[in-house]
There are 2 protein chains.
Amino acid sequence: MDKNLTTKERLIQAASVIFAEKGYRDTTVAEICDAAGANIAAVNYHFGDKSNLYCQVWEYLFEQSAAKYPLPTDLIETDPEAWLRHFIRSRVEQIFDTDIHHRLPQLLHREMGEPTEMHESLFEKYLQPSHQRVSKAIRLLIGPGISENQLKLAHLNFMSLHIFLNVGHQKNKTNCQCRHRLPSTENPAELARQVEAFAIGGLLATRDLIHNTGNLS
Amino acid sequence: MDKNLTTKERLIQAASVIFAEKGYRDTTVAEICDAAGANIAAVNYHFGDKSNLYCQVWEYLFEQSAAKYPLPTDLIETDPEAWLRHFIRSRVEQIFDTDIHHRLPQLLHREMGEPTEMHESLFEKYLQPSHQRVSKAIRLLIGPGISENQLKLAHLNFMSLHIFLNVGHQKNKTNCQCRHRLPSTENPAELARQVEAFAIGGLLATRDLIHNTGNLS
DNA sequence: AAATATTTCAAATGGCCATTTGAAATGGGT
DNA sequence: ACCCATTTCAAATGGCCATTTGAAATATTT
């Protein structure tokens, strides 16, 4: 561990990796301190407690990711389909990033599996903005006929694709042989194309369903 | 708790509910015994340990579910699309079942979020069969041009829809206000129709992608 | 009803882990 | 070199929880 960094910085960096790999609960303060080359009491001295360090890790990883994978802003009104295609590609890319940037989706994956006490506030702070844009884009794509409930469900379906891709990718890293593993992926771009096709195909089919049967709530 | 049942039976029934609601780790042996009206030592006496009780719960819930929601067998060769449509409807139905039957998807949801030590063996025993049939149906639907990797990904995409529906439904039951909640669902059948449309639309779009660009690995 | 096996019980035991503590080391300013 | 603030340290502390224990109660057998 780089001794040019302060203990506090080393703790955040070590914690980022370990929290992302094992989740909040399976990570012990002791092993973070070990990895950071710090004393067992360092986390409580510098951050108050484990949960606060966890929040700082979110802050840190979010900043890193937002810089490399920004959401496009324009396009969304003029061509929602293109915006959604870009969105999903960008997410898939990030999931397969080999740098620090893949730690955010990884952490997210853990947080979904076993939500911490900080769940609500973290999601509100870091995920709400992109969530609202995706929602808007889907509404524009499907058209004005969609109800709130239908929109929420279409949104959920859309998001589930890359979220679950992440799940499969994480499983791939363990020795777990069960289903829902991803094929070993030498070519993320090709994989992204297929997910993109599925996602847009699903949304367009949803649009057809909604527009061809007028009696849905 | 019904005193006509043996302590062992009461333990399994109480554990089914609590494990499904809170997951393996967040469930304490003490609260299971409480709910079953049994002594704190009852789990270890009747089952050896907590993990073995958990496996018995899987066995119990799986039997219940398999009886009410069997997989169709024929159809799959003659009309894979219809088979897949039926499959997804059946799963959505089960997720919204109000009886004991919704506990299996709920338990599954917990097991995915924080896999236990028994993960591998449970999945192999209870999920492998349906997994293979879905795989077969998707291959038949898309056609012979699909590679193993493409099939795995299409399968993952397909499954992610109802698995994530389950996630959203579980969130709905908590007071969690965050994204990925489902709209309050007074009408599961209508919801199932929309998921079905998305799923099949996604698969067909995947088929088009694969057949229109021959150079994918 | 005596003898034996099974089941229930309340009170330990022991492991794990976040957090605390108070002393020791370190560093900057004078 | 001395003072004071900051940081590091090893060794407690205390809570939580699965599991064990050995005695008491209950059921079954003869």
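All heavy atoms count here, side chains included; hydrogens, waters and symmetry mates do not. Each chain gets a letter, A, B and so on, in the order the sequences are listed, and its residues count up from 1. Quantities reported herein were computed from a predicted structural model and do not represent experimental measurements.
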Return the value, rounded to whole Å, for the distance between atom CG of A:Leu11 and atom C1' of D:dT7. 12 Å
Would you call the rings of B:Tyr54 and B:Phe19 parallel, tilted or perpendicular, where under 30° means parallel and over 60° means perpendicular? perpendicular
Residues forming a salt bridge (Lys or Arg N to Asp or Glu O under 4.0 Å) with B:Asp49, sequence neighbours excluded: none
Any luck finding a side-chain donor-acceptor pair between A:Thr206 and B:Gln194 under 3.5 Å? no
Would you kindly compare A:Asp26 and A:Ala41 by the position of their nearest DNA chain C nucleotide and give the one closer to the 5′ end? A:Asp26
In the 5' to 3' direction, the nucleotides of DNA chain C bounding the stretch that comes under 4.0 Å of a heavy atom in chain A are C:dC17 to C:dT21
Distance-only donor-acceptor pairs under 3.5 Å for side chains of residues 132-141 of chain A, two or more places apart:
unit_1   : atom_1 : unit_2   : atom_2 : d
A:Lys136 : NZ     : A:Glu77  : OE2    : 2.9
A:Arg139 : NH2    : A:Glu148 : OE2    : 2.4

Residues that A:Phe47 engages under ring pair (Phe, Tyr, Trp, His ring centres under 6.0 Å), provided they are two or more places apart: none
From A:Gln106 atom CD to A:Glu21 atom CD, the distance as rounded to the nearest 0.5 Å: 5.0 Å
Any side-chain heavy-atom pair of B:Asp97 and B:Lys68 under 4.5 Å: yes
Kindly state which residues belonging to residues 47-60 of chain A come within less than 4.0 angstrom of DNA chain C, counting heavy atoms of the residue only, listed by number. A:Asp49, A:Lys50
Ring pair (Phe, Tyr, Trp, His ring centres under 6.0 Å) involving B:Phe164 - partner list, sequence neighbours excluded: B:His180
